[in-house]
Engineer: 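Got a structure for you, questions after.
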Amino acid sequence: MPGGLSPSAALGSPAEPREDGVGESVLDSARLEAARVFAAVVEEIGTGKTEFPQPGSGRTAHRFAALRDVAERDLCAARLVEGHVDATAILVELGAPPPAPGERWGVWAAEPPGEGLTATRVGAGWEISGRKQYCSGAHSCTHALVTAQTPDGKRLFAVETSAPGYAPVPGTWQALGMAGSDTPDVRFTGVPAVSVGPVGGYLDRPGFQHGGIGVAACWYGGAVAVSRTLHEAARRHADPHTDAHLGTVDAQLHAAWAVLEQAGAEIDHDPEDVAGVARVLSLRVRAFVESVCAHVLTHVGRATGAGPLCHDPRHARNAADLSVYIRQHHAERNLAELGALLARPEARR
């Protein structure tokens with residue numbers, strides 16, 4: 001598929017003045033900053049300066065480290081980059097051409113209650129209509145993989161965001177945390193689409209579970225960014241309570257990264273999930289990393305108080321972004337699923 005938006009369009013048009021007369025708001029600034037980092041990282045991928053190896057390639061831990069590094073810099077940008085490299089992996093796994101130079105892809109596969117997308121046959125191709133929620137990078141992606149209902153079941157489709165009938169819905173992304181991820185609803189009206197893989201192919205492949213662990217690597221990078229404020233506080237002033245919080249945070253982050261590296265090794269050992277344990281691995285890793293991120297937020301907050309949250313815009317954004325992003329983990333619902341799979345292994349897919 002040819003490239004979609006021009007570089008200038010990908011960053012979005014200048015912000016319209018708001019009713020309060022503020023002009024470009026903090027939220028607009030966060031979105032534009034994340035879009036610029038996203039575009040720069042994708043360009044570095046194209047030139048070979050930055051590498052995100054395929055899951056199961058023998059270098060999965062390196063992939064997780066690359067995601068971590070972007071997340072330490074900007075968690076919202078990491079959300080966009082993770083979508084692009086996940087789309088690349090999905091296209092390869094399902095036998096479709098990888099992204100072309102200059103293309104920025106998203107993966108919009110959330111299925112919350114609501115209208116959703118429907119795909120219909122039109123001649124030899126497909127068209128998609130409906131409303132998709134949680135479309136990260138709606139204004140900066142040139143292409144996206146989206147899930148849509150067909151008469152035969154859910155399928156994955158590739159779409160171009162420059163197509164007529166594609167329209168992000170204003171006002172549907174009101175988040176303060178992860179504001180820069182630009183994740184509004186998108187209205188699709190007869191948008192041409194290309195089917196990618198078979199019915200159910202998006203969820204049934206082992207890479208779906210591997211990709212979920214990649215998201216946890218982004219969470220981890222966000223927690224490292226939040227922890228910097230605690231490191232700085234401990235360096236500035238010797239205090240046993242601050243030191244204790246820092247020691248706790250360091251131990252937990254060390255353990256979380258060890259878990260992510262081990263997960264990368266396990267994926268590389270069995271990339272096709274012959275053993276049937278990919279879902280259990282994903283649930284374990286995501287649950288542990290999410291819990292570490294929550295503990296980091298708590299310990300940094302207890303050690304440093306309200307000051308950094310009120311007077312350090314970068315830290316305030318890091319903390320707010322991480323608090324929202326880790327809610328992609330479904331808490332007790334995911335823990336209950338893990339427990340059920342452990343108690344009744346015959347239930348594993």
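For reference, positions follow the sequence shown, starting with 1.
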Engineer: What closest approach, in Å, do L246 and A234 show between heavy atoms, and which atom pair accounts for it?
Structural biologist: CD2-CB, 3.7 Å
Engineer: Could you tell me whether R327 and E290 make a salt bridge, using a distance below 4.0 angstrom between a side-chain N and a carboxylate O?
Structural biologist: yes
Engineer: Under 4.5 Å between any side-chain heavy atoms of V186 and R131, yes or no?
Structural biologist: no
Engineer: Rounded to the nearest 0.5 Å, what's the gap from CD on E103 to SG on C141? Could you check?
Structural biologist: 11.0 Å
Engineer: Please name the pair of heavy atoms, one in L80 and one in F38, separated by the smallest distance, quoted to 0.1 Å.
Structural biologist: O-CE1, 3.4 Å
Engineer: Treating D321 as the side-chain partner and M178 as the backbone partner, does any N or O pair qualify as donor plus acceptor under 3.5 Å?
Structural biologist: yes
Engineer: Would you call E266 and R284 a salt bridge, taking side-chain N to carboxylate O under 4.0 Å as the test?
Structural biologist: no
Engineer: Compare every heavy atom of A96 with every heavy atom of V196, then report the nearest pair and how far apart it is.
Structural biologist: CG1-CB, 4.2 Å
Engineer: One pair to check against salt bridge (Lys or Arg N to Asp or Glu O under 4.0 Å): E337 and R279. What are the steps and the verdict?
Structural biologist: CA-CA 10 Å; E337 181 185 356; R279 181 59 177 169; 2.8 Å; yes
Engineer: Are L230 and T242 side-chain neighbours, meaning at least one heavy-atom pair lies under 4.5 Å?
Structural biologist: yes
Engineer: Flag yes if more than 12 heavy atoms outside R314 fall under 6.0 Å of its CZ atom; otherwise flag no.
Structural biologist: yes
Engineer: Going by distance alone, is a donor N or O of one side chain under 3.5 Å from an acceptor N or O of the other, for H315 and T229?
Structural biologist: yes
Engineer: Quick check: do D182 and W173 have side-chain heavy atoms less than 4.5 Å from each other?
Structural biologist: no
Engineer: Name all residues meeting the side chain to side chain contact (heavy atoms under 4.5 Å, CB included) criterion together with A223; count only those two or more places apart in sequence or in a different chain, and write none if there are none.
Structural biologist: L253, C293, V296, L322
Engineer: Nearest 0.5 angstrom please: H143 NE2 to H84 NE2, how far?
Structural biologist: 11.0 Å
Engineer: If every non-hydrogen atom of A217 is compared with every non-hydrogen atom of L67, which pair is closest and at what distance?
Structural biologist: CB-CB, 4.4 Å
Engineer: What is the distance from atom CZ of R73 to atom CG of N318, rounded to the nearest 0.5 Å?
Structural biologist: 13.0 Å
Engineer: How long is the span from the CD1 atom in I213 to the CZ atom in F208, to the nearest 0.5 Å?
Structural biologist: 11.5 Å
Engineer: Examine distances only and state if a side-chain atom of S282 and a backbone atom of A278 form a donor-acceptor pair shorter than 3.5 Å.
Structural biologist: no
Engineer: When you measure from the side chain of D185 to the backbone of V169, do you find a donor-acceptor pair of N or O atoms at a distance under 3.5 Å?
Structural biologist: no
Engineer: With the 4.5 Å side-chain cut-off for hydrophobic clustering, are L283 and Y220 part of the same group?
Structural biologist: no
Engineer: Donor-acceptor pair, Q174 side chain versus A179 backbone, under 3.5 Å?
Structural biologist: no
Engineer: Can you find a heavy atom in the side chain of C218 that is under 4.5 Å from one in the side chain of R68?
Structural biologist: no
Engineer: So do the side chains of W108 and L145 get within less than 4.5 Å of each other, counting heavy atoms only?
Structural biologist: no
Engineer: Is there a side-chain contact between E44 and E51 in this structure, where contact means two heavy atoms from C-beta onward sitting under 4.5 Å apart?
Structural biologist: no
Engineer: Going by atom types only, do E160 and T142 share a side-chain donor-acceptor pair under 3.5 Å?
Structural biologist: no
Engineer: Any ion pair linking E43 and K49 (charged N to carboxylate O, less than 4.0 Å)?
Structural biologist: no
Engineer: Using side chain to side chain donor-acceptor pair (under 3.5 Å) as the criterion, list what pairs up with T304, not counting sequence neighbours.
Structural biologist: none
Engineer: I'd like to check F52 versus V70 (side-chain heavy atoms, cut-off strictly below 4.5 Å). Are they in contact?
Structural biologist: yes
Engineer: Using a 6.0 Å cut-off, check whether atom CZ of F288 has over 12 heavy atoms from anything other than its own residue.
Structural biologist: yes
Engineer: Counting only N and O atoms by type, is there a donor-acceptor contact under 3.5 Å from the side chain of S323 to the main-chain atoms of A319?
Structural biologist: yes
Engineer: Is D273 salt-bridged to R205, going by a charged N under 4.0 Å from an acidic O?
Structural biologist: no
Engineer: State, to 0.1 Å, how close T183 and S136 come at their nearest heavy-atom pair, and which atoms those are.
Structural biologist: OG1-OG, 2.8 Å
Engineer: Within the structure provided, determine whether H210 and L281 are in side-chain contact (heavy-atom separation under 4.5 Å).
Structural biologist: no
Engineer: Does K132 come within less than 4.0 Å of E115, counting only side-chain N to carboxylate O?
Structural biologist: no
Engineer: Would the distance check show the side chain of R228 and the main-chain N or O of E72 forming a donor-acceptor pair, the cut-off being under 3.5 Å?
Structural biologist: yes
Engineer: Supply the atom-to-atom distance E93 CD to Y202 OH, rounded to the nearest 0.5 angstrom.
Structural biologist: 10.5 Å
Engineer: What are the two closest heavy atoms between A89 and Q54, and how far apart are they?
Structural biologist: CA-NE2, 3.4 Å
Engineer: Check this for me: does any side-chain nitrogen of one of R63 and E82 sit under 4.0 Å from a carboxylate oxygen of the other?
Structural biologist: no
Engineer: Can you label the angle between the H329 ring and the W219 ring as parallel, tilted or perpendicular, going by 30° and 60°?
Structural biologist: perpendicular
Engineer: What about W126 and F157, are their ring centers closer than 6.0 Å?
Structural biologist: yes
Engineer: Would V280 end up clustered with V259 when hydrophobic side chains under 4.5 Å apart are linked, directly or stepwise?
Structural biologist: no
Engineer: Rounded at 0.5 Å granularity, tell me how far OG1 in T147 sits from CG in L117.
Structural biologist: 6.5 Å
Engineer: Does either side chain, that of S195 or that of R155, offer a donor lying less than 3.5 Å from an acceptor on the other one?
Structural biologist: yes
